[in-house]
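Let me begin by presenting the structure, written as structure tokens, before commenting on it.
Sequence lines set the chain letters: A, B, ... in the order given, protein chains first and strands last, and positions in each chain run from 1.
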There are 2 protein chains.
Amino acid sequence: MADRLSPRARQIVAAARELLEKDGADALTMRRLADRLGIRAPSLYKHFPDKAAVEVELIAEGMEELARALEAAEATGPAKATGPAEAAGRVEAADPADVMAGLGAAYRAYAFAHPHLYRLMSAGPFPRDLLPPGLEDRTAMPLVRVVGDPDRARAAWAFAHGMVMLELDGRFPPGADLGPAWRVGLTALVRPV
Amino acid sequence: MADRLSPRARQIVAAARELLEKDGADALTMRRLADRLGIRAPSLYKHFPDKAAVEVELIAEGMEELARALEAAEATGPAKATGPAEAAGRVEAADPADVMAGLGAAYRAYAFAHPHLYRLMSAGPFPRDLLPPGLEDRTAMPLVRVVGDPDRARAAWAFAHGMVMLELDGRFPPGADLGPAWRVGLTALVRPV
DNA sequence: GTCTATAGTGGGATAGAC
DNA sequence: GTCTATCCCACTATAGAC
């Protein structure tokens, strides 16, 4: 994803990410970014046409990581394996409910591990045309596979995104345990009965 | 809700709302707000301590309206009435699925009728302590009543909020019909079978 | 690839007179 | 309740020298 970038550009993106993750989107300014690199702000424009171009790299990086996290969760399979079948080396089809729970946990974990990056990824108009082709679909596939149809996948995605945003923004009552809400939503949205 | 405000302050809030709804949060500056009222920016500070105080009024206004919209949807009852029972004047318990669909439609409609206000209402840290007491609960009650328990209500709220945000941000594939996703999510989250 | 210098724009907010 | 004058801040971005 960042392969087409020069080494210096990659350093800049790395510094931008540190800045973003540590202090949020407002702290990501060209001046501060330059400061962190020990150079002056105008020098950045030799490597990127504008600030948006730097942000696009961060978004692509985040989406790729999220895609990997979801793929890993999908591959893990059910937490509790059925003993005999596994001992026999037979491949057991994963219970969709387990996969769904795993995907939800992975999504939530990624968002909370990188809250500011997650916000950047999901805020404002989406730079679809500037991102690596296929990345968007790749991120969506694990969910589509487990729920079966696109409409249900969209509903489940909206649920997860909504939970994350409401949690991040402190919208739920302070101190509320949200595990049950996640569980209820994920199980309700797995598959049509 | 705005009863404790002076008449002039109410005019300011009204102008702020016009500005916000028309041009978005970035356009809501003290300078532009003053322009619209035919005064200078510093004069605003005789009525509000700072910009955040104006925004809090807008948030309260939006929440009150949303609460009313949801209460209205709840009271409407099932679209298709069961003829005989109604003719006999007997009160028919509304089908939760119908109520849920109505609440979802009302929520979505409000958000799309006032996208910038909705964003302001649901963005960033929540000024809980500055809002009229009970307003938050009141807005949540219709949903809690129809789904039965708080966890399910939170899940349903997250779903609706997520759908709205993803739609507003153009996150779904361009041209996608999202009616089915809304239907799937709302029916899945109504009640435990 | 970096620098200096600088343009251009915009923002929130205060002091003190009227 | 409004004004003028003003402060101080911050940002993106460009031009041109080294």
- prompt: What is the bend of the helix from C:dG1-D:dC18 to C:dC18-D:dG1 when you compare the axis at one end with the axis at the other, using five pairs each and rounding to 10°?
  reply: 0°
- request: Not counting sequence neighbours, which residues clear ring-ring contact (aromatic ring centres under 6.0 Å, His included) with A:His114? List them please.
  value: A:Tyr110
task: Please list, chain by chain and in numerical order, all residues satisfying side-chain hydrogen bond (donor to acceptor under 3.5 Å, both in side chains) with A:Arg183, sequence neighbours excluded.
output: none
task: Applying ring-ring contact (aromatic ring centres under 6.0 Å, His included), name anything that partners A:Phe126, two or more places apart in sequence or on another chain.
output: none
field: Residues which pass side chain to side chain contact (heavy atoms under 4.5 Å, CB included) with B:Thr139, listed by chain and number, not counting sequence neighbours
entry: B:Met63, B:Leu66, B:Ala67, B:Leu70, B:Leu135
All ring-ring contact (aromatic ring centres under 6.0 Å, His included) counterparts of B:Phe48, not counting sequence neighbours: none
message: According to salt bridge (charged side-chain N to carboxylate O under 4.0 Å, His left out), does anything in residues 134-146 of chain A pair up with another residue at least two apart or in another chain? List the pairs.
response: A:Glu64-A:Arg138, A:Glu71-A:Arg138, A:Glu74-A:Arg145, A:Arg128-A:Glu136
Listed partners of A:Arg108 passing salt bridge (charged side-chain N to carboxylate O under 4.0 Å, His left out), at least two apart: A:Glu167
All side chain to side chain contact (heavy atoms under 4.5 Å, CB included) counterparts of A:Leu130, not counting sequence neighbours: A:Val56, A:Pro127
- prompt: What are the bounds, 5' to 3', of the part of DNA chain D that sits under 4.0 Å from heavy atoms of chain B?
  reply: D:dG1 to D:dA5
query: How would nucleotides 9-14 of chain C be written as a contact map, 5' to 3', with B for base contact, S for sugar-phosphate-only contact and - for no contact, using protein heavy atoms under 4.0 Å?
result: --BBBB
In residues 29-45 of chain A, what donor-acceptor pairs under 3.5 Å come from side-chain atoms, sequence neighbours left out?
{"unit_1": "A:Thr29", "atom_1": "OG1", "unit_2": "A:Arg32", "atom_2": "N", "d": "3.1"}
{"unit_1": "A:Arg32", "atom_1": "NE", "unit_2": "A:Ala27", "atom_2": "O", "d": "3.1"}
{"unit_1": "A:Arg36", "atom_1": "NH1", "unit_2": "A:Glu18", "atom_2": "OE1", "d": "2.6"}
{"unit_1": "A:Ser43", "atom_1": "OG", "unit_2": "A:Arg40", "atom_2": "O", "d": "3.4"}

Aromatic centroids of B:His161 and B:Tyr118 separated by under 6.0 Å: yes
